[in-house]
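What follows is one structure encoded as structure tokens, with my remarks underneath.
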There are 2 protein chains.
Amino acid sequence: MKTEKEFHDFLENGDKYYIPNLTIDCAIFGYHGKELKILLAKWRGLDGWGLPGGFIKKKETLSNAATRILKEKTSLDKLYLKQFHVFGDSEFRRKEKEGLSFSPGNNRYLLPKNSWLHERTISIGYYALVEYSQVNLMTDYFIEELVWQDINQVPKLLFDHNEMLSYALRNMRINLYHIPIGYNLLPNKFTLPEIQSLYETILDKKLDRRNFSKKLLKLELIKDTKEVKKIGQHRSPKLYQFDMKKYNEALKNGIVLAI
Amino acid sequence: MKTEKEFHDFLENGDKYYIPNLTIDCAIFGYHGKELKILLAKWRGLDGWGLPGGFIKKKETLSNAATRILKEKTSLDKLYLKQFHVFGDSEFRRKEKEGLSFSPGNNRYLLPKNSWLHERTISIGYYALVEYSQVNLMTDYFIEELVWQDINQVPKLLFDHNEMLSYALRNMRINLYHIPIGYNLLPNKFTLPEIQSLYETILDKKLDRRNFSKKLLKLELIKDTKEVKKIGQHRSPKLYQFDMKKYNEALKNGIVLAI
DNA sequence: CCAAAAGTGTTGCGGGTACACCCATGG
DNA sequence: CCATGGGTGTACCCGCAACACTTTTGG
């Protein structure tokens, strides 16, 4: 959605290209500075923050749609994406909208009463894990601004997006014990303290160093690179990286991580 | 969908009452004769079996829609229902359909080329656990026949319904360890051997009697009724029933069942 | 030499698994 | 009294949690 022409075409004829009534919203998690971050989008004209989202093209698979929407916002195509829930029950999702308006540039654009965008939407929630440092945030005609927000400082969001986020987070935390994470959240090479800190941040609890390393290494998902990381006036921790063969097997077959 | 008038109205104007492009399909599990059963529907005119399903009304919540669809087929409203996945990626779900026809009674009805029913549909999968003996199967203008099929003898189904069923089953088996089941699958009063057999059937493996009873009783979800069940020429097993207060708490908060 | 962080091994306890004997019932 | 299934207790073992000392580094 780069030009004003595209934008107006979308408002007027979007229902020819996209499936109406159905959207995808993404809870995009990143990790930085020992904080778990969520990507929030400020919608033009709506004067509020929400999760990034979009419509599904008429002939597109759901996974492609979710990947596309994410790529539009973050420029990433290497990420972990998972469908976690469909939202169609809340007050907001049961009724049609009215008087929606958008403000591309500085022009306020009020949607006509019978616009396809006023119809009720049911939203498929996906969550994504992405590598913070690789993300290149990109706004467009709908999204005025994108920011990474600490998961503990999320404001009141538009629509039912707070509920979505809370579902996403709960789901992600449960999945943590059954699928490997980290490949999409950490730099290529990382230390044990770093990955431990990632788990601690996501789970919001302290873990025992010795037990954590034993358990993680037993899974054999990461391997010693024989390099170390200089961290100044302290002992240099070893650098590890994921064994992609085993990591992908683990993604497929699941793991049991008892931390 | 009881009368022919309703039926034709649905074919022609359904998109005024229902959200197009989006359906709900239900994997309905029942338990009988030590077999896990799945409810299959024979669709008129399509000459094949599939999972029961339906459309969502324009102003209806998803859960209401799923409950309604189930009630139409089974007359039940007391059941466990869980959303497990959205299907929109398979070959079948990416393209529009063509030449759909239905055969209510003995009249073949070929849908017009531009019918709303020819559009691509994305389907939300729900699975349900129901008490076999309470079910009253009800056919209609679309469903010619409904049968309970042993889970191990499911034929090739229409569309992507085999894939759906396999997802539902996997999901249900995983959930087994985290949410209580049985209330919707067993008669009101049941014996320990009966509920053990239920778990064995669903998980498709033998469990140790002594350990099973210890673990289950420790959860305190079931209580002794002080009655016994006569089973003929053998010792009469005790009858238990669910403690609904604790059962509902467990539904909300989850359990850890290590069997 | 010191402060701060990383690396590593051992022990004890609890829970899960494996296992066997007695009891009730009806024929 | 016998065949069949139901009910129950114990011992062992493994795995998790708890825990402390040594090593490295740069200032």
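Letters A, B, ... are given to chains in the order of the sequence lines, protein chains preceding strands, and every chain is numbered from 1.
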**Complete:** Bounded by its outermost nucleotides with an atom under 4.0 Å from a heavy atom of chain B, the footprint on DNA chain C reads C:dG16 to C:dG27

**Message:** What is the separation between atom CD1 on A:I259 and atom C1' on D:dG15, rounded to the nearest whole Å?
**Reply:** 16 Å

**Request:** Give me the residues of residues 195-210 of chain A where at least one heavy atom lies under 4.0 Å from an atom of DNA chain D, by number, or none.
**Result:** A:D208, A:R209, A:R210

**Asked** Among B:I38, B:L158, B:L39, which residue meets the side-chain contact (heavy atoms from CB on, under 4.5 Å) test with B:L51?
**Response** B:I38

**Request:** Taking atom types as modelled, find out whether A:S63 and A:Y126 have a side-chain donor-acceptor pair closer than 3.5 angstrom.
**Result:** no

**Prompt:** For DNA chain C, whose closest nucleotide is more 5', that of B:N211 or that of A:E194?
**Reply:** A:E194

**Message:** I'd like to know if the side chain of A:Q241 pairs up with that of A:N188 as donor and acceptor (distance under 3.5 Å, no hydrogens or angles considered).
**Reply:** yes

**Between A:Y167 and A:F87, ring centroids under 6.0 Å** = yes

**Item:** Ring geometry between B:Y132 and B:W148 (parallel below 30°, tilted from 30 to 60°, perpendicular above 60°)
**Value:** tilted

**Prompt:** Is the centre of the A:Y183 ring less than 6.0 Å from the centre of the A:Y80 ring?
**Reply:** no

**Prompt:** Angle class for the B:F159/B:W43 ring planes (parallel below 30°, perpendicular above 60°, tilted otherwise)?
**Reply:** perpendicular

**Interface residues of residues 213-238 of chain B with DNA chain C (non-hydrogen, below 4.0 angstrom)** = B:K214, B:K215, B:K218, B:K230, B:G232, B:Q233, B:H234, B:R235, B:S236

**Prompt:** So, do A:K82 and A:N175 sit near enough that their side-chain heavy atoms are less than 4.5 Å apart?
**Reply:** yes

**Message:** Out of the candidates A:L192, A:T191, A:L198, only one should pair with A:E194 under the side-chain contact (heavy atoms from CB on, under 4.5 Å) rule; please name it.
**Reply:** A:T191

**Request:** Please check if atom CZ in B:F242 has more than 12 non-hydrogen atoms from other residues, nucleotides or ligands closer than 6.0 Å.
**Result:** yes

